Amino acid sequence: MVPVTKKDLRTLVSQTTIETYEEMTPQLVQLIDMTRKDERLSDAQKWDEISLHMLGYVKSCTNEIIIEVLAEILGLDDEE
């Protein structure tokens with residue numbers, strides 16, 4: 001769908017955002033779980049690591065959303 005109005009663009013971005021966050025959430029949950037179970041880290045270090053995981057997750061999701069929306073608009077395909 002190539003958006004022709006701001007409303008269409010918002011819809012495309014919103015749908016892509018939901019799909020991307022849902023797709024990438026299991027990876028974040030796994031990283032957080034591994035960090036919580038790491039006995040080598042203090043509680044403060046665990047929270048620091050989890051914060052870094054969250055920041056990386058948001059950044060990765062944002063990049064993927066931008067790429068997917070632009071690819072849709074420009075009609076780009078995945079390399080195969």
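Please read these numbers as outputs of a predicted model, since none were measured by experiment. Numbers for residues simply follow the sequence, beginning at 1.
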Would you tabulate the side-chain donor-acceptor contacts of residues 18-27 under 3.5 Å, counting partners in other chains and residues two or more places apart, or write 'none'?
residue: T20; atom: OG1; partner: T16; partner atom: O; Å: 2.8
residue: T25; atom: OG1; partner: Y21; partner atom: O; Å: 2.4
residue: T25; atom: OG1; partner: Y57; partner atom: OH; Å: 2.8

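M34 and I50 are members of different hydrophobic clusters when ILVMFWY side chains are connected at heavy-atom separations under 4.5 Å. Hydrophobic clustering places I32 together with V58 (ILVMFWY residues linked when any side-chain heavy atoms are closer than 4.5 Å, directly or through intermediates).
A distance of 11.0 Å separates CD of E68 from OG1 of T17, quoted to the nearest 0.5 Å. Atoms CG and NZ, from L9 and K7 in turn, are 13.0 Å apart once rounded to the nearest 0.5 Å. The distance from the CD1 atom of I67 to the OG1 atom of T62 is 11.0 Å, given to the nearest 0.5 Å. Put simply, OG on S42 and CG on D48 are 7.5 Å apart, with the number rounded to the nearest 0.5 Å.
When side chains are defined from C-beta on, T11 does not count as touching P3, because their heavy atoms never get closer than 4.5 Å.
Pairing each heavy atom of D38 with each of K46, the nearest pair is O-CE, 3.1 Å. T35 and H53 get closest at one heavy-atom pair: OG1-NE2, 2.8 Å. Pairing each heavy atom of R40 with each of Q45, the nearest pair is O-OE1, 4.1 Å. Annotation for E49 and L41: closest pair CG-CD1, 4.1 Å, computed over non-hydrogen atoms.
For K6, there are no side-chain hydrogen bond (donor to acceptor under 3.5 Å, both in side chains) partners at least two apart in sequence or on another chain. Residues satisfying the salt bridge (charged side-chain N to carboxylate O under 4.0 Å, His left out) test with D33, not counting sequence neighbours, are K37.
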Report the C-alpha separation of E72 and L12 in whole Å, then their side-chain angles, then the decisive distance to 0.1 Å, and conclude whether the side-chain contact (heavy atoms from CB on, under 4.5 Å) test is met. CA-CA 9 Å; E72 180 73 24; L12 177 59; 4.0 Å; yes
